[in-house]
Amino acid sequence: QLSKHGVPFACIVAEAILACFYLAITQGQQVPLQQISALGSTVAYSLSVLSCFVLYKKRNKKIPALMFLALVSCALFIGSLMYAYIQKGASSLVLFGGLFCLGIMQYMVTSYKSIET
């Protein structure tokens with residue numbers, strides 16, 4: 001079911017439960033939670049830019065300069081996040097990796113079920 005802003009209600013509840021669970025485990029440390037959120041956004045943005053780049057290459061179209069700037073900004077984002085992980089610890093990176101793997105497994109299971117039907 002969608003909220004009035006078009007966001008699935010169950011996703012909001014699941015995110016709130018994960019955030020509360022993580023804050024309870026880490027005794028209220030907010031920095032790792034912020035790092036996970038920033039990494040998630042950065043990965044989504046990077047994948048969007050890379051997919052657009054690959055699409056331009058496949059269609060043999062001229063790649064705009066703005067696309068190269070977007071790739072550079074992705075590299076800067078990822079570099080600054082890695083620097084923050086080195087400074088503050090990599091526990092949030094490990095948690096993000098676990099959540100990312102769970103998401104991939106969920107995608108694979110749902111796509112496999114849709115192929116069967």
Without placing hydrogens or testing angles, list every side-chain donor-acceptor pair under 3.5 Å for residues 64-81, not counting sequence neighbours.
{"unit_1": "S73", "atom_1": "OG", "unit_2": "A70", "atom_2": "O", "d": "2.7"}
{"unit_1": "S80", "atom_1": "OG", "unit_2": "L76", "atom_2": "O", "d": "3.3"}
{"unit_1": "S80", "atom_1": "OG", "unit_2": "F77", "atom_2": "O", "d": "2.9"}

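- Considering CG of L55 and CG of L50, their distance stands at 12.5 Å, rounded to 0.5 Å.
- Residues forming a side chain to side chain contact (heavy atoms under 4.5 Å, CB included) with K58 (at least two apart in sequence, or on another chain): V54.
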